[in-house]
Amino acid sequence: MGPLRTAIKEACEKTVSVVKFLCVLHVTKNYLVNPVMTYGPSMLPTIDLTPNIFLAEKISTRYGKVAHGDIVVHRSPHNPSKIFTKRLIGLEGDSITYVSDPDNGDDKLETVVVPKGHVWVQGDNKYNSNDSRNFGPIPYGLIESKIFWRVWPLKGFGSFEKK
């Protein structure tokens with residue numbers, strides 16, 4: 001019985017170590033930092049067309065510590081399974097003036113006041129971005145995280161705040 005007992009004890013210890021590691025991974029990804037992959041033209045020229053991988057932190061969004069100019073990851077107000085990366089332009093109470101239809105060449109300006117509990121997000125590429133100019137202010141609760149570090153491509157590796 002000695003060798004069997006030793007093997008069982010060793011298996012239990014290794015299982016506990018794996019479970020602890022998975023718990024730390026779960027807490028880190030869901031509550032602290034998660035990887036975000038972005039692609040597409042909406043954030044040109046800040047984020048290029050090729051796929052980029054960033055680290056995004058979730059603490060500041062949870063405590064309302066986002067500011068104008070932050071690049072945030074948020075869920076679509078129309079289809080919550082879709083996730084967008086946009087620049088935060090306005091917080092609640094801000095008055096935002098924007099070109100309503102830049103594609104048409106008509107520079108008609110519209111002004112909106114961001115309601116309580118909402119934010120205004122826009123892509124840096126005003127000609128090709130699905131953002132608050134299309135769907136209006138979004139509830140603050142749809143913001144998931146704030147981008148702070150570029151991981152890939154390696155040529156841009158490093159801090160990515162307020163670029």
Side-chain angles (χ1 to χ4, degrees), residues 7-94 96 98 114-163:
I8 291 173
K9 184 178 178 181
E10 191 174 315
C12 286
E13 287 172 359
K14 289 187 182 206
T15 301
V16 167
S17 295
V18 169
V19 168
K20 284 180 182 179
F21 173 75
L22 292 175
C23 287
V24 167
L25 204 59
H26 169 78
V27 168
T28 301
K29 184 181 179 307
N30 289 309
Y31 301 104
L32 302 175
V33 176
N34 68 317
V36 175
M37 184 170 170
T38 64
Y39 53 91
S42 71
M43 286 300 292
L44 280 171
T46 308
I47 301 173
D48 56 11
L49 290 169
T50 60
N52 288 262
I53 298 174
F54 295 94
L55 291 179
E57 56 92 6
K58 296 183 171 205
I59 297 169
S60 54
T61 56
R62 183 168 290 119
Y63 292 105
K65 302 290 184 194
V66 292
H68 296 92
D70 287 344
I71 297 178
V72 296
V73 177
H74 70 89
R75 294 205 173 269
S76 165
H78 299 301
N79 183 357
S81 66
K82 289 188 177 186
I83 295 179
F84 294 129
T85 304
K86 304 292 179 203
R87 188 174 303 277
L88 196 139
I89 301 296
L91 300 167
E92 63 181 54
D94 288 352
I96 306 294
Y98 65 99
V114 180
K116 184 175 175 85
H118 289 69
V119 295
W120 188 271
V121 292
Q122 286 182 199
D124 290 352
N125 182 356
K126 70 179 182 180
Y127 297 106
N128 195 358
S129 180
N130 186 20
D131 52 32
S132 287
R133 292 173 287 199
N134 304 100
F135 45 72
I138 64 167
Y140 188 86
L142 292 180
I143 297 178
E144 296 209 335
S145 54
K146 178 174 86 169
I147 287 180
F148 74 96
W149 196 268
R150 185 192 306 251
V151 176
W152 187 263
L154 289 176
K155 69 177 169 76
F157 183 85
S159 178
F160 200 75
E161 296 189 54
K162 304 268 187 180
K163 283 191 177 180

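Index from 1, following the sequence. Owing to the predicted nature of the structure, the values given are computational and were not obtained by experimental measurement.
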Identify the heavy atoms of [X] and [Y] that sit nearest to each other, and give their distance.
{"X": "Asn34", "Y": "Ser145", "result": "OD1-OG, 3.9 Å"}
{"X": "Pro41", "Y": "Asn128", "result": "CG-ND2, 3.1 Å"}
{"X": "Lys86", "Y": "Ser129", "result": "NZ-OG, 3.2 Å"}
{"X": "Pro137", "Y": "Val114", "result": "CB-CG1, 4.4 Å"}
{"X": "Lys116", "Y": "His118", "result": "O-ND1, 3.0 Å"}
{"X": "Leu55", "Y": "Pro35", "result": "CD2-CA, 4.3 Å"}

Measuring only between side-chain heavy atoms, which start at C-beta, is [X] closer than 4.5 Å to [Y]?
{"X": "Val119", "Y": "Ile138", "answer": "yes"}
{"X": "Thr85", "Y": "Ile71", "answer": "yes"}
{"X": "Val27", "Y": "Cys23", "answer": "no"}
{"X": "Tyr140", "Y": "Thr61", "answer": "yes"}
{"X": "Ile143", "Y": "Leu88", "answer": "yes"}
{"X": "Arg150", "Y": "Phe54", "answer": "yes"}

To the nearest 0.5 angstrom, please state how far the [atom1] atom of [X] sits from the [atom2] atom of [Y].
{"X": "Ile59", "Y": "Phe148", "atom1": "CD1", "atom2": "CZ", "answer": "9.0 Å"}
{"X": "Met43", "Y": "Asn52", "atom1": "CE", "atom2": "CG", "answer": "10.5 Å"}
{"X": "Ile89", "Y": "Ser132", "atom1": "CD1", "atom2": "OG", "answer": "9.0 Å"}

Tell me the salt bridge (charged side-chain N to carboxylate O under 4.0 Å, His left out) pairs involving residues 24-52, sequence neighbours left out?
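Counting only pairs at least two positions apart or across chains, no salt bridge (charged side-chain N to carboxylate O under 4.0 Å, His left out) contact touches residues 24-52.
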
Verify, without hydrogens or angle tests, whether Arg87 (side chain) and Gln122 (backbone) share a donor-acceptor contact under 3.5 angstrom.
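Flag not set: sc Arg87 to bb Gln122 has no pair under 3.5 Å.
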
Side-chain donor/acceptor of Asp131 to backbone N/O of Gly123, under 3.5 Å:
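Side chain of Asp131 to backbone of Gly123: a pair is present.
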
Are Phe157 and Trp149 an aromatic pair, judged by ring center distance below 6.0 Å?
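Close enough - the centres of the two rings lie under 6.0 Å apart.
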
Given Lys146 and Asp70, is the salt bridge (Lys or Arg N to Asp or Glu O under 4.0 Å) satisfied, shown in steps?
CA-CA 7 Å; Lys146 178 174 86 169; Asp70 287 344; 3.8 Å; yes

Taking the six-membered ring for Trp, are Tyr31 and His26 parallel (under 30°), tilted (30 to 60°) or perpendicular (over 60°)?
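Rings of Tyr31 and His26: perpendicular, as their planes differ by over 60°.
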
If you look only at pairs with a residue in residues 72-82, which of them pass as a side chain to side chain donor-acceptor pair (under 3.5 Å), with sequence neighbours excluded?
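Residue pairs with at least one partner in residues 72-82: Arg75-Glu144, Asn79-Ser81.
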
